[in-house]
Amino acid sequence: MPGADKETDLSERIEAFLADLKRGGSGTGPLRGSGEMARETTALLRRITAQARWSSAGDLMEIIRNEGRRMTAAQPSETTVGNMVRRVLKIIREEYARSRGSSEETDQQESLHKLLTSGGLSEENFRQHFASLKANVIEAINELLTELEGTTDNIAMQALEHIHSNEVIMTIGRSRTVEAFLKDAARKRKFHVIVAECAPFCQGHEMATSLSKAGIETTVIADAAIFAVMSRVNKVIIGTQTVLANGGLRAVNGTHTLALAAKHHSTPLIVCAPMFKLSPQFPNEEEIFHKFVSPHEVLPFTEGEILSKVNVHCPVFDYVPPELITLFISNIGGNAPSYIYRLMSELYHPEDHEL
Amino acid sequence: MSSRGTKQKKGNVTNEQEEEDQPLQAVLIADSFNRRFFPISKDQPRALLPLANVAMIDYTLEFLTSTGVQETFVFCCWMSNKIKDHLLNSKWCRPTSPNVVHIITSDLYRSLGDVLRDVDAKTLVRNDFILVYGDVVSNIDVSQALQEHRHRRKVDKNISVMTMVFKESSPGHKSRCEEDDVIVAMDSKSKRVLHYQKTQGLKKLQFPMNIFQHGSDEFEIRHDLLDCHISICSPQVAELFTDNFDYQTRNDFVRGILVNEEILGNQIHLYVTNEGYGARVSNLQMYDSVSSDLVRRWVYPLTPEANFTDQRGQGCAHSRHNVYRGAGVSLGHGSQMEENVLIGRDTSIGANCHISNSIIGNYCTIGDNVVLDRAYIWNNVHISNKVKIHQSVVCDGVLVKEAVLLNKQCVLAYNVVIGPNMSLPEGTVVSMHHPEEEEDDDDDEFLSDDQVVGNSKDKTKQKAFNPAEVGSEGKGYIWKASLDEAEDEELAQCIWGLVLNPDPDSDSESEASDGSQDMGSRSVSPEMDDVKGNVTPEMDDVKGNVTPEMDDVKVFQLEVLGTLQRGEEENIGCDNLVLEINSLKYAYNITLKEVMQILTKVVLEYPFQQQGTKLSSSQYTVLLLPLLKKWSPVFKNYIKRAQDHLDCLSAVEELFLEQETHQTAMVKVLMNMYQLEILEEDAILKWFSAGATTDKSRQLRKNQGLQKFIQWLKEAEDESSEEGE
């Protein structure tokens with residue numbers, strides 16, 4: 001039966017993706033860039049939409065929610081996956097509403113009145129069957145994929161508005177988005193980049209090599225020197241792993257130090273973050289927030305006897321509160337941290353915040 | 001992205017290209033073939049024992065799957081049904097699993113060698129495969145090692161047969177297993193193993209000179225390596241095990257290959273990594289340290305909260321100080337989980353408890369005011385109030401009653417009841433099985449130790465529990481550690497490993513490694529016993545009745561005899577004799593040690609051979625002495641190192657133990673050999689003082705002549721040392 005074949009093929013793909021997620025990030029955070037992760041997740045969700053058995057939007061949403069739950073559980077620190085699941089759920093809602101011909105659903109404004117009147121009924125509404133729904137949803141997901149492809153370019157295009165000639169810019173660790181951003185600016189302007197190495201994984205070294213290859217004047221400093229060097233810096237430009245619902249960041253270790261130093265010297269702190277990193281998550285959810293990896297990089301296993309006498313921890317992420325951030329640059333433009341809540345409600349349906 | 005990430009990716013890409021035609025295979029041995037975990041392993045095979053609440057075999061399978069293995073053969077022997085059930089219910093046997101698991105069970109496996117011979121017989125592997133035990137915990141990325149291995153095999157045509165994966169870690173590391181400590185000499189450039197030796201119990205290390213003459217200008221001697229028990233093998237490994245039926249363990253194999261390197265042309269290589277984690281849970285000490293490494297996240301991403309086995313409800317939350325809590329854990333008022341604590345699902349803990357560095361399983365109940373430090377508590381355990389447990393293992397279903405104190409290194413096996421109000425001394429092992437149950441079976445040492453006991457279950461004699469041992473309401477028997485003199489030394493070295501091992505027979509592996517200077521010869525099969533001259537009555541007159549299936553050793557012995565006869569008749573020079581014996585050695589694949597023993601035996605028996613066994617002692621010596629003198633250069637050629645002297649002496653001793661009537665001649669022979677400078681006085685003295693193991697040999701040593709001779713030697717030594725001053 002070709003149908004059964006398709007299904008096993010699909011579930012095999014899902015399992016492989018889950019296993020990949022679980023093993024992902026041995027040490028330094030994501031194995032792949034989160035952009036790639038977002039695209040892969042979306043492509044997988046498109047496949048599920050195309051191949052799984054469902055008759056109504058409600059069924060499909062249930063399937064995707066289930067798979068989404070498993071994916072996020074496999075690697076809670078990889079928030080991009082959950083975000084993409086939410087985006088797809090939102091797409092299904094919209095397409096369903098369009099098929100029904102009601103445009104109300106699309107401009108869902110959460111007024112108190114509306115919450116009271118329509119609460120609980122929304123799921124019921126998704127039971128209706130539309131023949132064209134599948135094609136429409138897939139079409140919409142394809143659009144999302146195209147959008148994802150272009151995010152880095154979109155962000156990099158704004159570089160010239162933010163980086164001026166002869167500025168000193170500081171960054172930390174390695175972020176692909178920031179890398180593209182700086183390289184784009186370097187095509188027209190001359191400036192100096194200081195990279196904090198971001199021990200113990202020292203992704204900063206790679207960043208510096210890559211930047212200097214592009215002809216940018218680059219200096220690597222130790223993390224401990226961040227404060228000392230800050231007085232010379234005109235702008236801090238960093239990437240992040242996740243943008244939280246309150247406008248804060250979950251970024252690579254050492255970012256908080258950098259942000260505090262920038263605040264002290266009143267240096268503007270700019271975060272380059274594509275929209276798919278926006279996550280409806282608050283920093284108080286302790287279990288999924290932090291991630292500890294093997295302490296090998298801090299104190300090598302070869303060290304011997306001392307290891308049985310000490311406890312070594314190797315956390316990966318820092319929380320940066322929103323008040324330390326000056327500006328977010330996303331693929332749809334610059335935003336202040338206080339505006340994040342608004343973007344959030346545009347991207348995700350409030351019922352999908354909890355998968 | 002990190003450098004590591006890119007490396008891994010690159011490795012995967014190239015691997016995939018090669019793997020497209022051939023899936024990567026692995027052989028997983030879910031049996032330990034020893035009884036280190038006895039009596040725990042009596043109720044549950046070792047591969048299924050929980051390590052941080054997950055069965056050990058799951059870690060191994062996860063490791064294999066993550067390295068890209070697509071087909072795994074799991075071999076089980078002891079309690080194979082349990083392992084099978086476990087695997088069938090796990091995610092590994094789901095149709096979507098990227099790693100296809102085949103389970104192969106047989107009660108006939110007694111060692112790693114048997115399994116690999118079966119692999120060969122069934123031609124299961126078609127390409128390079130990974131060989132691991134079911135109790136290996138690792139996150140090492142072996143794709144690099146695999147690539148090196150394949151490259152070597154491509155470059156010089158199947159010469160390299162095995163690549164062993166080692167992890168760098170300096171001596172004294174708690175995750176290094178004393179029993180597996182090795183010293184390795186290797187070529188720095190080609191990573192070829194030149195010499196491999198277990199160091200347990202050795203005070204002196206010896207390296208054969210020829211390893212330094214191999215023509216490579218750089219080599220390393222390393223002691224900072226931790227054996228991960230992961231080896232990448234080519235299909236020839238299985239064939240080699242078939243060809244050499246006496247190979248039981250990987251240790252035998254490695255030594256055998258190294259000794260016969262020139263003849264067979266096989267080589268073994270090493271892959272040393274300093275990233276990742278790899279260790280084998282080979283005894284309880286290792287269980288302790290691997291568990292704590294897991295909780296301290298050394299094996300990331302195989303961490304307790306990752307729930308890689310994909311079981312419902314297994315997940316737990318990780319919070320500060322490496323405290324992990326499963327679903328439905330309740331913690332009483334004032335209880336503290338200090339650090340490195342893992343608590344399984346639906347476990348409830350009472351008030352004012354103090355828990356540190358411990359792992360607690362699922363569905364346990366723990367009372368008030370309990371102190372747990374380095375305790376490993378498995379599932380469904382009830383611990384009452386005021387109990388204190390230090391560095392101990394408490395298995396499933398145990399009931400610990402009020403105010404019990406478990407001192408260090410106690411083991412409470414399945415369903416034991418202890419207490420109330422008592423304290424168990426250090427190293428106590430309590431089990432529901434009576435220790436005498438399997439003593440009846442002890443004589444059959446060739447059976448897998450685990451295996452033996454399985455049959456005896458029905459024989460269980462219901463004996464009363466001793467309330468002094470397990471408390472007034474207790475249930476269980478104390479297992480005493482056997483304190484044989486021979487074992488004392490080892491006991492001190494790896495306490496938790498050996499206390500649990502009350503049967504000296506099962507120790508054959510480590511005993512063999514003690515004498516590891518004698519490269520690769522072990523008395524494993526009865527056919528070989530006669531070579532070493534063990535006193536097996538039916539083997540006494542070996543040459544008279546050669547059994548139809550003559551093995552190499554016997555044929556070799558006959559050949560040596562023939563050579564010597566011809567040598568005497570045709571008056572061939574000693575150099576030519578040596579040459580002939582050497583070529584025979586290679587032809588029959590005999591180790592140097594055996595050559596020497598056989599040579600000694602043949603020469604000493606030569607007079608009997610020529611004149612019949614009815615000779616008197618004096619006639620015998622008259623006939624023998626000129627022969628000894630004549631052939632002394634041959635002896636000198638083979639007897640060089642101190643160990644060789646001892647081996648030669650033991651061969652002499654064994655021969656005279658058999659020929660009891662001629663014991664008086666022994667002194668003369670020894671004297672003669674000493675004067676001909678075949679044997680050194682130090683060696684003789686050492687042999688005399690150390691060698692007595694059986695009653696007979698002790699008696700032999702009481703022989704008057706011999707004692708006089710020794711006396712004389714000692715005096716001579718004193719004199720010479722005085723002269724020296």
Side-chain angles (χ1 to χ4, degrees), chain A residues 8-16 18-33 36 70 73-76 173-176 201-203 205-207 286-297 300-316, chain B residues 1-6 8-9 62 65-67 91 94-99 139 141 167-176 224-226 273-279 288-289 292-293 296-303 305-308 310 315-322 325 339-340 357:
Chain A
T8 48
D9 174 57
L10 179 65
S11 51
E12 248 170 52
R13 270 168 198 275
I14 295 172
E15 292 298 326
L18 285 176
D20 247 19
L21 276 177
K22 279 185 186 177
R23 279 171 213 134
S26 44
T28 57
L31 250 186
R32 292 163 281 204
E36 211 176 313
R70 284 178 64 201
Q75 188 60 269
R174 182 173 183 224
S175 151
R176 260 158 272 225
F201 299 110
C202 298
Q203 304 102 311
H205 296 177
E206 284 171 52
M207 178 78 159
E286 195 195 8
E287 278 101 52
I288 49 169
F289 187 77
H290 56 54
K291 173 175 170 186
F292 287 86
V293 297
S294 162
H296 175 83
E297 298 286 340
F301 191 72
T302 43
E303 216 43 64
E305 268 174 279
I306 191 169
L307 288 179
S308 42
K309 294 174 191 135
V310 293
N311 270 322
V312 193
H313 297 283
C314 186
V316 175
Chain B
M1 194 196 236
S2 67
S3 65
R4 189 168 161 184
T6 31
Q8 218 165 5
K9 234 179 161 185
E62 173 66 21
T65 312
S66 66
T67 51
K91 77 164 185 176
R94 284 182 208 160
T96 51
S97 167
N99 182 5
N139 63 355
D141 177 22
K167 167 133 185 63
E168 253 177 38
S169 72
S170 46
H173 197 289
K174 74 184 162 74
S175 300
R176 273 173 74 123
D224 64 337
L225 298 176
L226 185 153
T273 174
N274 57 7
E275 279 183 4
Y277 181 89
D288 181 21
S289 56
S292 82
D293 286 342
R296 289 164 198 234
R297 310 182 72 80
W298 281 101
V299 206
Y300 183 90
L302 299 185
T303 47
E305 90 277 12
N307 187 20
F308 60 88
D310 228 5
C316 52
H318 174 222
S319 43
R320 298 174 68 160
H321 304 297
N322 291 336
R325 271 165 303 153
E339 52 179 14
N340 305 321
N357 302 311

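Note on naming: letters A, B, ... go to the chains in the order of the sequence lines (proteins, then strands), and numbering restarts at 1 for each one. Everything numeric in this text was worked out from a predicted model, so none of it was measured.
- Proximity to chain A is limited to the side chain of B/E339, based on heavy atoms less than 4.5 angstrom apart.
- Under the side-chain contact (heavy atoms from CB on, under 4.5 Å) criterion, B/E168 pairs with A/T302, B/R222, B/D224, B/L225, B/V272, B/N274, not counting sequence neighbours.
- Only the side chain of A/H313 has a heavy atom closer than 4.5 Å to any heavy atom of chain B.
- For A/H290 against B/S319, the heavy-atom pair with the smallest separation is NE2-CA, 4.1 Å.
- Of the atoms belonging to B/T303, not a single heavy atom falls under 4.5 Å from chain A.
- In summary, the side chains of B/N139 and B/Y300 do not present any donor paired with an acceptor at a separation below 3.5 Å, with no hydrogens or angles considered.
- Proximity to chain A is limited to the side chain of B/L226, based on heavy atoms less than 4.5 angstrom apart.
- Residue A/P295 comes nearest to A/C314 through the heavy atom pair CA-CB, 4.0 Å, listed as atom of the first residue, atom of the second, then distance.
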Please walk me through it: do B/H318 and B/R297 pass side chain to side chain donor-acceptor pair (under 3.5 Å)?
-> CA-CA 11 Å; B/H318 174 222; B/R297 310 182 72 80; 3.3 Å; yes
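- Heavy atoms of B/P95 lying under 4.5 Å from chain A belong exclusively to its backbone.
- Only the side chain of A/E15 comes within less than 4.5 Å of a heavy atom of chain B; its backbone N, CA, C and O stay farther away.
- The contact between A/R70 and chain B is made entirely by side chain atoms (from C-beta outward), counting heavy-atom distances below 4.5 Å.
- No side-chain N or O of B/N322 forms a donor-acceptor pair with one of B/R296 less than 3.5 Å apart.
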